[in-house]
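Here is the structure we will look at, set down as structure tokens.
In what follows, chains are A, B, ... by sequence order, proteins preceding strands, each numbered from 1.
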Amino acid sequence: MVTENKRRSTTKKPKKVNNLRYAEYYDMQETFDGLYAKAAKGETFDSLMDLIFSKDNILLAYRNIKGNGGSVTPGTDGLTIRAIEKCSPETLVQKVRNITKNYSPRAVRRKEIPKQSDPSKTRPLGIPCIWDRLIQQCILQVLEPICEAKFSENSYGFRPNRDCEQAIAASYRHMQQSHLHYVVEFDIKGFFDNVDHSKLIKQMWALGIRDKRLIYIVKRILKAPIQLENGTTAAPVKGTPQGGIISPLLANIVLNELDWWVESQWADNPVAVARGRNRQLGGNTVFDKSHGYRAMRTTRLKEMHIVRYADDFRIFCQNKDSAERTLIAVTKWLKERLRLDVSPEKTQVVNLNKHYSEFLGIKMRLTKKKNKLVVQSRVSEKAVKRIKTEAKQKIKNIARPPKGMTEARAILNYNAFVMGEHNYYQMATGVSLDFRDIGYELTRTMKRLGDRLKKEPKDNIGGAVVDRYSCSKLMRYIKNLPVAPISYVRTKAPMCKKRSIQKYTPEGRAEIHENLGFDTKMLRALLRQEVHEQSAAYADNRLSLFCAQYGKCAVTGQVFESLGDIHCHHKLPKNRGGRDNYQNLIIVRESVHILIHATSESTIAKCLSELSLNKRQLAKLNKLRKEAGNPPVSA
DNA sequence: TCAGGAGCTAC
RNA sequence: GUUGUAGCUCCUGA
């Protein structure tokens with residue numbers, strides 16, 4: 001425990017990267033594709049456990065969570081990812097299977113954190129222990145392809161290859177192209193904390209997830225005790241922990257039926273009519289009980305569309321009457337079907353011809369432009385306020401860098417902030433107005449930088465900030481560092497989701513992911529090779545390295561012909577403090593490996609003549625020899 | 001091409 | 001120390 005804490009203070013938080021490649025490393029992509037295809041055909045799954053806790057799936061789960069920022073944040077048992085990766089792959093797998101044999105997850109650590117939208121309010125976090133997070137990741141990997149096949153096109157939150165931009169684009173489309181001028185704004189009260197466990201299980205069943213042992217494990221995860229900040233422990237009766245790896249997926253499972261139900265409720269919906277009586281929509285058979293909701297069924301409502309982002313959703317309607325009925329019907333449906341309450345103050349109908357409606361940080365309405373109604377959107381007031389205060393703070397950091405921060409770092413941080421905000425809010429048609437206002441608000445704070453701000457850099461410089469902003473008259477420099485002008489943004493129309501993009505079909509992947517550029521046979525062999533006496537981290541990094549090096553020796557550049565020729569070398573030897581992290585490992589041919597460690601003249605001579613290295617290769621070799629504590633050799 | 005690290009957003 | 005999913009941007013190494 002002590003060593004864990006010590007490590008934590010010295011370890012920087014890793015950051016998650018795109019993980020499409022990882023499934024390929026662990027030879028799981030085809031399996032996931034298969035699940036997706038089966039689910040799309042309407043097949044059900046009553047035996048998923050063997051797959052979930054298969055060796056490859058578990059090791060892939062480790063790979064996927066090791067990059068999480070929170071992997072070095074301990075749960076209630078004080079353990080971090082280090083506790084997992086120091087095991088050998090075999091014991092890691094064995095441990096997961098043992099834990100889940102009679103699964104009883106450890107207590108989830110409750111932590112209240114301020115909401116970034118409104119820092120005066122807090123959001124309850126539930127941080128599971130690292131082994132439990134690993135187990136949840138195993139489950140997620142298998143459930144996601146099944147669920148993706150069933151989920152609605154109108155749901156954008158927490159889903160692969162979908163984002164806010166697409167949700168906003170869909171909203172614009174409904175307003176402008178489909179002429180839906182009324183929107184119902186919904187706000188579910190504390191959604192994550194109020195998810196009904198038995199309803200959730202029923203929804204899983206309806207989606208075809210029918211493995212009883214798996215359902216039991218999910219139940220156990222939901223019922224995991226919560227260790228409150230004051231140290232006492234509580235047993236949850238509802239809700240799914242915000243911080244649990246499967247929680248976002250569970251949220252979509254619960255609300256998936258809402259998407260299909262709403263779309264099926266309007267008269268003459270071509271999709272609903274074509275599929276027949278609201279059943280079998282999207283391969284779901286969960287609508288049989290929807291007959292009881294007369295409020296909607298008898299009104300023959302006109303065209304309407306839902307746009308959902310996690311628990312935040314809007315329904316676009318043709319007219320006021322339709323919108324008001326929808327509000328009532330959906331509220332009732334949520335209560336009766338999912339046992340969820342909406343917040344009456346925040347749930348309302350908005351006439352988009354007269355008022356702005358806020359969604360995902362953007363407020364939007366319709367205005368007349370040359371006899372046509374077009375979308376006019378702005379940065380939401382809350383966001384403007386937040387940007388102002390954060391930008392002020394960051395400028396102050398440049399003026400007077402706090403200790404532990406240099407001026408250069410403060411500028412970089414400010415630029416990243418400005419570019420980040422611009423990147424997101426550029427989908428509002430009126431962004432430039434809002435950022436002009438923000439810039440105006442900041443002039444006083446900018447004065448603190450005084451004459452340090454120049455119109456030209458000291459020398460000629462490049463980089464992304466210059467590329468993007470140097471055409472602005474407001475561009476300034478401090479020495480050689482550009483300071484991004486916050487007022488300078490141009491709007492960029494949000495893009496709709498391309499239907500063809502899909503993570504779980506080879507065709508759908510083609511647009512977002514390139515296949516490995518070399519023969520993967522050797523990679524497979526490497527994956528199957530058991531590494532005795534080595535850690536999971538080592539085994540995992542070895543695969544990355546092999547791919548990063550295109551299956552070639554780092555010194556000679558030769559393609560590996562046999563498994564035995566592949567040697568993974570510690571640059572700084574373990575007995576001198578070298579670790580199993582990526583940076584400390586490199587893949588070389590067997591003879592090169594021998595040569596790195598060789599001390600006897602005859603061995604060196606033999607290997608050298610065998611390899612006949614050129615100058616550059618020799619230099620690489622000697623660098624590795626030096627790191628290993630050996631003197632250089634010459635040909 | 002790979003990996004890691006910094007920033008941003010939504011919920 | 002603040003978890004999680006998803007998306008975006010940039011930088012640095014090999």
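Within the 4.0 Å cut-off from OP1 or OP2 of B/dA10, at least one side-chain nitrogen or oxygen of A/Tyr425 is found. Side-chain N/O atoms of A/Arg109 include one lying less than 4.0 angstrom from OP1 or OP2 on C/rU2. For the pair A/Thr73 and C/rG1, the criterion of a side-chain N or O lying under 4.0 Å from OP1 or OP2 is not met. Using a 4.0 Å cut-off, no side-chain N or O of A/Arg159 falls inside it from OP1 or OP2 of C/rU5. Distances shown here put a side-chain N or O of A/Asn161 below 4.0 Å from the OP1 or OP2 atom of C/rG7. For A/Asn252 and C/rA6, the shortest distance from a side-chain N or O to OP1 or OP2 is not below 4.0 Å. Not one side-chain nitrogen or oxygen of A/Arg110 sits closer than 4.0 Å to the OP1 or OP2 atom of C/rU2. In this model, the phosphate group of C/rU5 is not approached by any side-chain N or O of A/Tyr156 to a distance below 4.0 Å at OP1 or OP2. Contact between the side-chain N/O atoms of A/Gln137 and the OP1/OP2 oxygens of C/rU5 is found at a separation under 4.0 Å.
Among B/dC8, C/rG4, B/dG4, the nucleotide with an atom closest to any side-chain atom of A/Asn68 is C/rG4. Closest approach to the A/Asn423 side chain among C/rC8, B/dC11, C/rA6 is made by C/rC8 (side chain taken as heavy atoms from C-beta onward). Of the candidates B/dA3, C/rU9, B/dA10, the closest approach to any side-chain atom of A/Cys164 belongs to B/dA10. In the set B/dA10, B/dA6, B/dA3, B/dA3 carries the atom at the smallest distance from any side-chain atom of A/Tyr25. Relative to the side chain of A/Arg123, the nucleotides B/dA10, C/rU9, C/rU3 differ in distance, and C/rU3 lies closest. Considering only side-chain atoms of A/Pro248, the nucleotide from B/dC11, C/rG4, B/dC8 that sits closest is C/rG4. Checking B/dA3, C/rU3, B/dT1 against every side-chain atom of A/Pro128, the shortest atom distance belongs to C/rU3. Here the side chain of A/Lys111 is nearest to one of C/rU3, C/rU2, C/rA6, namely C/rU2. Comparing B/dA3, C/rU2, B/dC8 against the side chain of A/Tyr582 picks out B/dA3 as the nearest.
Of the charged side-chain nitrogens involved, at least one lies within less than 4.0 Å of a carboxylate oxygen, so that A/Arg524 and A/Asp27 count as a salt-bridged pair. With respect to the salt-bridge test (charged N to carboxylate O, under 4.0 angstrom), the residues A/Glu153 and A/Arg308 do not qualify. Taking 4.0 Å as the cut-off between side-chain N and carboxylate O, A/Arg386 and A/Glu421 count as a salt-bridged pair. Between A/Asp341 and A/Lys189 there is no salt bridge, since none of the side-chain N atoms of the basic residue sits less than 4.0 Å from a carboxylate O of the acidic one. Between A/Glu144 and A/Lys503 a salt bridge is recorded (basic side-chain N to carboxylate O distance below 4.0 Å). Salt-bridge annotation for A/Glu229 and A/Arg109: absent, with no side-chain N of the basic residue lying under 4.0 Å from a carboxylate O of the acidic one.
Heavy-atom distances to RNA chain C give each of A/Gly157 and A/Ile127 a nearest nucleotide, and the one nearer the 5′ end belongs to A/Ile127. Of the two residues contacting RNA chain C, namely A/Gly126 and A/Gln583, the nearest-nucleotide position lying further toward the 5' end is that of A/Gly126. Judged by closest nucleotide on DNA chain B, A/Glu421 is the one of A/Glu421 and A/Phe359 placed further toward the 5' end.
Note on A/Phe158: a base of the nucleic acid sits closer than 4.0 angstrom, heavy atoms only. Residue contacts shown for A/Ser247 are absent, as no nucleic acid heavy atom lies under 4.0 Å away. Residue contacts for A/Ile245: at a heavy-atom cut-off of 4.0 Å it reaches the sugar-phosphate backbone alone, with no base atom in range. Contacts of A/Pro241 with the nucleic acid, taken as non-hydrogen atoms under 4.0 Å apart, are absent. Counting non-hydrogen atoms under 4.0 angstrom, A/Arg468 reaches nothing in the nucleic acid.
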Could you walk me through whether A/His570 and A/Tyr538 pass ring-ring contact (aromatic ring centres under 6.0 Å, His included), step by step? CA-CA 10 Å; A/His570 285 87; A/Tyr538 170 92; 5.6 Å; yes
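At a threshold of 4.5 Å between non-hydrogen side-chain atoms, the residues A/Val183 and A/Ile315 do not count as touching.
With hydrogens and angles ignored, a donor-acceptor pair under 3.5 angstrom links the side chain of A/Tyr309 to the base of B/dA10.
More than 12 heavy atoms of other shown residues, nucleotides or ligands fall within 6.0 angstrom of atom CD in A/Gln558.
One atom, CG of A/Asp193, and another, P of B/dC11, lie 16 Å apart when rounded to the nearest Å.
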Encoded 5' to 3' (Watson-Crick or G-U under 3.5 Å; [ ] crossing; | other strand), RNA chain C becomes ...|||||||||||
